[in-house]
Structure formats: C-alpha cells, structure tokens
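Here is the naming used below: chain letters follow the sequence lines, and residue numbers restart at 1 for every chain. Values in this document were obtained by computation on a predicted structure and should not be read as measured data.
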Amino acid sequence: MLARICMTLQPAEICWAVSDSNDPRVKIEFVKEENLGLKYRPSYNISPGEIVPIIISSQHFDADNFFYTIHPALWGFIPRWHKGIYNEHGFNTTNFSSEKMNVSRMYKPAFLKGQRCVLVVEGYYEHKRVPYNLPVKERPIYYIYAKQQKGVKIFDKSTWNYRDINLLYIAGIFDIWTDDTGEEILSFTMLSMDSENDVLSWLHPRRPVILESAYQIYRWLNFNEIEEMRAMQLIKHPNVNSIEWHKVSDCVLNASNKDSKCNKPIETIKYEHKSDDNED
DNA sequence: CCAGACGTTGTT
DNA sequence: GTCTGG
DNA sequence: CCAGACGTTGTT
DNA sequence: GTCTGG
C-alpha cells in the first residue's frame, strides 16, 4: 500500500473530534506531548518514520479504569528484540497483513498482550492498481476518507466544525520498545486486509483495516473485555460503507511535500468526467 | 538442537 | 544500482 | 511506497 | 523474544 496519510489536526482538536461519543466510558486524554524527542507534527502528507496520533486503552497504564488515551507514536513497529538505533532494524513494519496474525513472530506477542491501537487519520492516499505496461506517472493517486455531513469537505478546513468532522479509524498493533539507555518509544503498525469484494477492490488489492462504528472501535481497544479471538473476528469483514475518495495530484509522492494541495481534488481527465472517479 | 527468520512492496 | 528518509 | 542521495573536510 | 526448518 502507498504509505501516506493525512492528519492536520492539533492534539486538542483530535480530542474534540474523537470524543463525539454518547458512550460515557469513552473519555479522551491526550498524553505524552513528546516522545523520542520528536513531536507530532500535523501534516497533509505523513510518512512512516514520523510521529502520529494513536488511540490506546488507558488500561495499559492504569488497571482501574478504561478510557481512551491519545499518544503520539512512531509509525513503524520496532521489534521487541531489536538492539541499537531504533530505526535500524531493517524490517518494513509500516503495515502488517492482519490475516497472518496468528503465525507472526513479530506481532503476535504484542497482540497477545492486548496491545491493539487505532490510528486516527483524516484520510489516506493510495495508488490505483493498473496494468504493468503503464508508466508510474500514469497511475492515478486517490485520497480516501470518511463520508462527511452535508456541506463539510474533509479536504477544505474552511468547511469544518472540528466536533463534527468524520475521521478514519484504522486498526493497529503497538508496542513499547526500550533502547540501551532505558528510553522508551511507543511504535505501531497499521493492519491491512484483502479488499476483494468490498467497495475498495477497484482501487488496490489491499486496504487498511478500517473501523467504522464507535462500538467497533471500543471493542478493538478494550482488550480486557474483548479477548484476541473476538478481536480478530471483529476485523475479519469490517464494513466500509461510509467512505469517499477523489483523485489527487502526485505531489503527495514526495514525502517532503507537506502542503495542503496534497489532498485537494484535481481535475479529472475530460473523458471520465463527473463522479465517475468511483468506477474502475 | 541451533541457526535463522521475523516484514512489505508493482515482482520474476 | 541500491539504500535511506520521509 | 517513492524521491533523493550516493562525499569530504581540522568547521559552525 | 520466539518460532520453524533442517
């Protein structure tokens, strides 16, 4: 999968957006402003190796109460056994096939400890899969995001009410890694799944595991209440009914382009006009 | 047992 | 050609 | 994944 | 750290 996401919200704004829940058990806290000496930097184009906000259960730290906490975390899971510089383990841990969970040496231990998390994003970017004979430049790139209320455009902040926008919630696995000096780093991987037979199959054979309902998110995070077996069931066939997308320019391919034009719609080619973007 | 893998991706 | 940083 | 680097030096 | 293959 094309490893790019969009998340421009500030920590407080993330709390506002995420805490829109009727469930009194869902209390939101943004903790650990800094991690690794690196700070979460909201951006229209975020890549692996950067710090992004994830939600985890407070019960990983406080056994008495369950509520949501939002942490800045390193995108790219650091293997528990790794020694040395944190990012020199040599594995691509940006995402992980959820189907392989029960045989994974790398992720299973964290999963069995209930270390499930949710990555909060405004949207993610994906190359469309096209025939091999087409050059890279001919591959359209799409921005995928949650369906919004009337009048709200997720790619246009001037239309936002921070408490009303709909975000994407992507299931993940996290761990806390300790370096030689005792410094801890919170890192995570994004879970992926087959997109065959769902609304995104036209785009790419795989897609992130997207949690759509508040209840689904609650169960994915509450590891005490929902054990591993049921958690895996939960993400086996997650719904993706409430998503939308549009074509964007290739400026997002350069990871250093953090500009707002990264998630803006571009003119579609004349003959495939209108909302036919959604077609294969 | 011990060495080697452990992950992903437009690859072959 | 291949690795790394984002 | 893709873009960009791929190097050195008594220097800041 | 933990599992698998030989």
Between A:Y215 and A:W220, does the ring centroid distance fall short of 6.0 Å? no
Using a cut-off of 4.0 Å on non-hydrogen atoms, how would the nucleic acid contact of A:K100 be classed: base, sugar-phosphate, or nothing? sugar-phosphate
A:E122 and A:T8: side chain donor to acceptor below 3.5 Å: yes
Taking only the side-chain nitrogens and oxygens of A:S104, find out if one of them lies under 4.0 Å from OP1 or OP2 of B:dG7. yes
Between B:dT8, E:dG1, C:dG6, which nucleotide has the shortest distance from any of its atoms to the side chain of A:A255? C:dG6
For the C1' atoms, the ones on D:dC6 and on B:dA5, what distance do you get once it is rounded to whole angstrom? 30 Å
For the pair made of CG in A:L191 and C1' in B:dG7, what is the distance, rounded to whole Å? 13 Å
Would you mind classifying the nucleic acid contact of A:K83 as base, sugar-phosphate or nothing, using non-hydrogen atoms under 4.0 angstrom? nothing
C1' atoms of D:dG7 and C:dT4, separation to the nearest Å: 16 Å
Provide, to the nearest angstrom, the distance between the CG atom belonging to A:L2 and the C1' atom belonging to D:dA3. 13 Å
Considering every strand and a 4.0 Å limit on heavy-atom distances, what is the contact class for A:V103: base, sugar-phosphate, or nothing? nothing
Which ranges of DNA chain C pair up as stems, where a stem means three or more consecutive Watson-Crick or G-U pairs with both distances under 3.5 Å? C:1-6 with D:1-6
Judged by each residue's nearest nucleotide on DNA chain B, which is more toward the 5′ side, A:H204 or A:Y107? A:Y107
Check: A:K128 and A:I141 side chains under 4.5 Å, non-hydrogen atoms: no
With a non-hydrogen cut-off below 4.0 angstrom, is A:S97 in contact with a base, only sugar-phosphate, or nothing? sugar-phosphate
Quick check against the 3.5 Å criterion: does A:R4 have a side-chain atom that pairs as donor or acceptor with the backbone of A:V252? yes
Need one value for A:S192: base, sugar-phosphate or nothing, where a base atom within 4.0 Å counts as base even if backbone is also close, heavy atoms only. nothing
Could you tell me if A:S43 and A:N45 have a donor-acceptor pair between their side chains, going purely by distance under 3.5 Å? no
In this structure, how many angstroms lie between the C1' atom of E:dG1 and the CD atom of A:Q115, rounded? 13 Å
From CG of A:N257 over to P of D:dC1, roughly how many Å is that when rounded to an integer? 19 Å
Begin from the C-alpha positions of A:R206 and A:S192 and carry the test side-chain hydrogen bond (donor to acceptor under 3.5 Å, both in side chains) through to its verdict. CA-CA 7 Å; A:R206 301 200 56 82; A:S192 68; 3.2 Å; yes
Starting at CG of A:D175 and ending at C1' of E:dG1, how long is that distance when rounded to a whole Å? 11 Å
CG of A:N92 versus P of C:dT4: gap in Å, rounded? 13 Å
Distance check, rounded to the nearest 0.5 Å: A:H127 atom NE2 versus A:D250 atom CG? 7.5 Å
Can you check the distance between D:dT8 and B:dA3, where both ends of the measurement are the C1' atom (answer in whole Å)? 40 Å
What's the closest nucleotide to the side chain of A:S47 if the choices are B:dT9, D:dC1, C:dG6? C:dG6
Select one nucleotide: of B:dG10, B:dG7, B:dT8, the one nearest the side-chain heavy atoms of A:M106. B:dG7
Taken to the nearest whole Å, CZ/A:R4 to P/D:dA3 is 8 Å
If I pick the P atom on B:dT9 and the same atom on D:dC2, what distance separates them, to the nearest angstrom? 12 Å
A:R105 (side chain) and E:dC3 (base): donor-acceptor pair under 3.5 Å: yes
Decide yes or no, distance alone: a donor-acceptor N/O pair under 3.5 angstrom between the base of B:dG10 and the side-chain of A:R139. yes
Applying a strict under-4.5 Å side-chain criterion to I, L, V, M, F, W and Y, I'd like to know whether A:F223 and A:F77 cluster together. no
Should A:F91 be counted as stacked on B:dG7, where stacking needs a ring-centre gap under 5.5 Å and an angle between planes under 30 degrees? no
Interatomic distance, A:K128 NZ vs D:dC2 P [rounded to whole Å]: 17 Å
Please check the phosphate of B:dG10 (OP1 and OP2 only) for any side-chain N or O of A:R129 closer than 4.0 Å. yes
Look at the side-chain N and O atoms of A:N87 and state whether any lies under 4.0 Å from the OP1 or OP2 oxygen of C:dT4. no
Please work out whether the ring planes of A:Y145 and A:H246 are parallel, tilted or perpendicular, with thresholds of 30° and 60°. tilted
